[in-house]
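A quick write-up on the structure given underneath.
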Amino acid sequence: MITHEKEGTFTVRFDRMADGRIAGRIEGEDTPVYVHKDSLPASLGETWTCRLFENSGPGGVNYFAILLDRLEDEAAEEPKDEQAVEEFTINEDIDVDDYDPVLADGRKMKWRKIFRYMGEDTLYSDLLDDKPFIAYSSPDRKLIQLIPCDWGDMFCNDGMIRIAGLDSLANREKGLLIPYSTDKGTFILHFR
């Protein structure tokens, strides 16, 4: 496997591939772009400015991206109608036999407003503000309650927060999306 950095920065839009994984494309190229394991995460439909590393191997050529800046897409703005839009959060590695990303009424699940385990006891979410938090674990260690609190001892910075013991709860599966629910400003993270 030969990997080298491609000179310059590139605009990459991320969509779902036929196998269900999220990958990006550079406009005018068919070469798949995967998010590098040490990068910020990308969600379905997002467009980012990236540094790219070209990877040549027996399976062909692809790119690994280090995400730099997210670009706002005018077409992806929230609908302007008065009806409420329901959001659903799911885990990308669900192993339920009847799992279907399309709901019974034809709506598709959206991949944003997520919690993602980044490794080294670190959690990322685009829902977290830069402020202190406290966290409580359920006795069976299947739930974590994350509460914004002025006296909290865990600080969120750019959507990233470190929680001691998170590695064992997430089974060290870097990039794992964590299902969650909310209750009065509190986030409840659901682990298996």
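If you read the sequence from its start, that first residue is 1, and numbering goes on from there. Owing to the predicted nature of the structure, the values given are computational and were not obtained by experimental measurement.
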Problem set entry | Nearest-0.5 Å distance, CD1 of residue I178 to CD1 of residue I188 | 14.0 Å
Exercise. So, does T47 use its side chain to make a donor-acceptor pair with the main chain of L71 at under 3.5 Å?
Worked result: no
Problem set entry | Value rounded to 0.5 Å, distance of CD1 in I147 from CD1 in I144 | 11.5 Å
Problem set entry | Considering all heavy atoms, the nearest E120-R162 contact | O-NH2, 3.0 Å
For this session: Answer yes or no: is there an ion pair linking R51 with E5, defined by an N-O contact shorter than 4.0 Å?
Result: yes
Seminar exercise, completed: Heavy-atom nearest pair, A42 first then V35, reads CB-CG2, 3.8 Å
Problem set entry | I163 side chain reached by L169 side chain, heavy atoms, under 4.5 Å | no
For this session: Return the minimal non-hydrogen interatomic distance between R116 and G175, and the atom names on each side.
Result: NH1-O, 3.1 Å
Exercise. Are more than 12 heavy atoms from other residues, nucleotides or ligands located less than 6.0 Å from atom NZ of K142?
Worked result: no
Problem set entry | Backbone of G45 reached by a side-chain donor or acceptor of R13 within 3.5 Å | yes
Problem set entry | OG on S43 to CG on D126, rounded to 0.5 Å | 6.0 Å
Exercise. Taking all non-hydrogen atoms of both residues, which atom of T31 and which atom of N62 are closest, and how far apart?
Worked result: CG2-CA, 3.6 Å
Exercise. Is the backbone of D30 close enough, under 3.5 Å, to the side chain of R25 for a donor and an acceptor to pair up by distance?
Worked result: yes
For this session: Grab the two heavy atoms, one from D140 and one from L143, that are nearest each other, plus how far apart they are.
Result: OD1-N, 4.4 Å
For this session: Looking only at non-hydrogen atoms, find the nearest pair between G159 and D130 and report the distance.
Result: N-OD1, 3.9 Å
Exercise. Got L123 and L146 here, is their nearest side-chain heavy-atom distance under 4.5 Å?
Worked result: yes
For this session: State whether the side chain of D121 and the backbone N or O of L166 hold a donor-acceptor pair below 3.5 Å, judged by distance alone.
Result: yes
Seminar exercise, completed: Interatomic distance, OG@S168 vs CZ@F191, rounded to 0.5 Å, equals 9.0 Å
Exercise. Hey, mind stepping through F64 and F53 against ring pair (Phe, Tyr, Trp, His ring centres under 6.0 Å) and telling me if it holds?
Worked result: CA-CA 5 Å; F64 288 105; F53 294 88; 8.6 Å; no
For this session: Dump the intermediate steps for side chain to side chain donor-acceptor pair (under 3.5 Å) on K174 and Y117, then the final yes or no.
Result: CA-CA 6 Å; K174 232 179 188 181; Y117 168 70; over 6 Å; no
